[in-house]
There are 2 protein chains.
Amino acid sequence: MRKKEKISEKTITRFPLYLQILKDLQQKGTQTISSQLIAHQALVKASQFRKDLSYFGEFGKPGSGYSVEHLIERIVNILSLSCRHQAVLVGAGNLGMALYNFPGFKEWNFEITRIFDNAPAKIGKKTGKITIENIDKLPLDLKIPLGIIAVPALAAQTIADLLVQSKIKGILNFSGVKLSTPPAIMVRNVDLTYELAILNYYCCID
Amino acid sequence: MRKKEKISEKTITRFPLYLQILKDLQQKGTQTISSQLIAHQALVKASQFRKDLSYFGEFGKPGSGYSVEHLIERIVNILSLSCRHQAVLVGAGNLGMALYNFPGFKEWNFEITRIFDNAPAKIGKKTGKITIENIDKLPLDLKIPLGIIAVPALAAQTIADLLVQSKIKGILNFSGVKLSTPPAIMVRNVDLTYELAILNYYCCID
DNA sequence: TAGATTGTTAATCGATTAACAATC
DNA sequence: TAGATTGTTAATCGATTAACAATC
């Protein structure tokens with residue numbers, strides 16, 4: 001599907017936004033859209049939108065623009081969102097439960113199918129359809145590609161090591177700690193404290 | 001404190017990470033550090049670290065490097081983290097409570113001092129030291145600079161409008177919706193779904 | 001002093017954007 | 001066809017990095 005040319009992370013990062021905008025347009029009954037209009041909504045230039053798409057092929061009709069339905073289908077495919085993706089959640093605290101119940105995940109075809117924790121008080125408890133399991137029993141043949149770490153900073157590296165052992169492919173890390181993992185493992189850090197600090201910086205200057 | 005030259009957001013975004021690394025070094029008793037070593041930990045080039053600092057003045061001693069203590073102090077000042085910053089939280093669901101209890105905020109001198117929600121079942125409930133208040137009673141003279149939106153997508157824009165009326169300066173937005181706000185208001189979006197989708201992309205290619 | 005490391009300049013790299021031929 | 005809009009190239013812009021004089 002993809003061309004050989006290297007696709008920057010910045011480009012990839014914009015696709016979920018494009019997809020969201022297109023879904024909203026579809027909701028409103030829009031059938032066709034120009035790069036001009038969608039880029040305006042995404043706060044990027046039209047040429048950037050077209051360039052981003054161009055890494056993955058041709059999507060539109062000169063003169064008329066893009067079919068919303070068709071473009072959604074293509075972007076869903078690029079992001080591999082057409083089939084359901086399972087994720088394992090480690091950490092059943094406030095943050096973990098918030099993520100488990102986060103409606104956006106379901107809408108995008110992600111599902112947290114197993115939850116692990118180390119607190120005896122939590123292990124065995126049912127939440128929604130699934131039961132919180134003992135982290136010590138994390139199986140080696142987990143067969144789930146995505147891991148979400150929502151444990152305190154101190155435990156994060158240990159959990160990451162366990163997930164790597166369980167042959168996870170990617171980790172979404174909320175612990176606020178830089179994880180050390182093999183290069184094949186993709187890690188994305190969401191650092192809530194940093195986000196607030198950056199916001200604060202821009203609020204304090206001026 | 002700052003020079004006239006425009007400082008890119010990418011530069012600012014790296015400072016919290018530098019600060020965290022320095023704090024960890026201080027914990028371990030390190031007194032002096034070279035750009036070489038700190039950059040290595042931050043996964044950037046030494047020259048990038050030095051350039052980032054250079055926007056804010058001179059911090060080190062040629063030949064010996066940087067005083068960890070002194071550099072922490074300077075970065076804390078750059079990020080305006082020396083005094084306590086209050087934040088108002090809107091949304092007392094799982095995510096809101098997770099943020100309220102997030103230990104990182106306190107460590108960095110942020111404190112959520114008021115929580116608002118619209119659910120009668122939640123209003124009036126005590127959590128920690130504070131009581132969840134009715135969002136309809138959000139005062140116009142709130143006098144809190146930072147707002148955190150942790151409400152469902154549908155409610156987000158309404159809440160943003162209310163916060164703007166209450167003279168908030170910046171918003172950390174977890175709703176997954178692009179907010180429309182006056183240009184003077186700084187908004188940072190943390191979109192959990194996008195993060196998972198981007199992670200998934202990199203897990204699925206290869 | 002000699003060695004080390006800074007702060008800053010200039011070169012490089014990569015990402016964004018304008019422009020336009022191709023095409024519906 | 002004429003008007004509109006694409007996909008892509010080439011120009012521009014901005015961020016990263018290497019290199020080095022200054023300096024501790």
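Side chains are part of it too, since the values below use all heavy atoms of this structure and drop only hydrogens, waters and symmetry mates. In what follows, every chain begins at residue 1, and chains take the letters A, B, ... in the order their sequences are listed.
For the pair A:Asp52 and A:Pro62, nearest-nucleotide mapping onto DNA chain C gives the more 5' position to A:Asp52.
Rounding to whole angstrom units, CD1 of residue A:Ile7 and C1' of C:dA15 are separated by 14 Å. Atom NZ of A:Lys6 and atom C1' of C:dG14 are 8 Å apart (whole Å). One atom, NZ of B:Lys61, and another, C1' of C:dT6, lie 12 Å apart when rounded to the nearest Å. Spacing between atom CD of A:Glu9 and atom P of D:dT16 amounts to 13 Å, rounded to whole angstrom units. For A:Lys45 and D:dT12, the NZ to C1' distance is 13 Å, given to the nearest whole Å. The CD atom of B:Gln48 sits 15 Å away from the P atom of C:dT6 (whole-angstrom rounding). The nearest whole Å value for the distance from the CG atom in A:Leu37 to the C1' atom in D:dA4 is 12 Å. Distance A:Leu43 CG to C:dT17 P: 12 Å, rounded to the nearest Å.
Nucleic acid contact class of A:Ser34 (heavy atoms, under 4.0 Å, all strands): sugar-phosphate only. If you check every strand for non-hydrogen atoms under 4.0 Å, B:Glu58 touches sugar and phosphate atoms only.
Here C:dT8 is the nucleotide among D:dG7, C:dT8, C:dT17 with the atom lying nearest to any side-chain atom of B:Lys51. Comparing C:dA15, D:dA22, D:dT8 by their closest approach to the side chain of A:Lys10 singles out C:dA15.
For the pair A:Thr127 and A:Ile115, the minimum side-chain heavy-atom distance is below 4.5 Å.
Look at C:dC24: its Watson-Crick or wobble partner, with both distances under 3.5 angstrom, is D:dG3. The nucleotide C:dA15 finds its pairing partner in D:dT12, both defining distances of the Watson-Crick or G-U wobble pair being shorter than 3.5 Å.
Residue B:Ser35 places at least one side-chain N or O under 4.0 Å from the OP1 or OP2 atom of C:dT6. An OP1 or OP2 oxygen of D:dG7 is reached within less than 4.0 angstrom by a side-chain nitrogen or oxygen of A:Tyr66. Between B:Arg50 and D:dA19, a side-chain N or O to OP1/OP2 separation shorter than 4.0 Å is absent.
Below 30°, between 30° and 60°, or above 60°: for B:Tyr194 and A:Trp108 the angle between ring planes is between 30° and 60°, a tilted geometry.
Taking a cutoff of 4.0 Å between a charged side-chain nitrogen and a carboxylate oxygen, A:Lys106 and A:Glu111 do not qualify as a salt bridge.
Counting all heavy atoms, side chain and backbone alike, B:Val76 lies closest to B:Leu19 at CG2-CD1, 4.0 Å.
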**Request:** Evaluate the side chain to side chain donor-acceptor pair (under 3.5 Å) criterion for residues A:Asp24 and A:Gln20: first the C-alpha distance (whole Å), next the side-chain angles of each, then the deciding distance (0.1 Å), finally the verdict.
**Result:** CA-CA 6 Å; A:Asp24 290 348; A:Gln20 185 60 57; 3.2 Å; yes
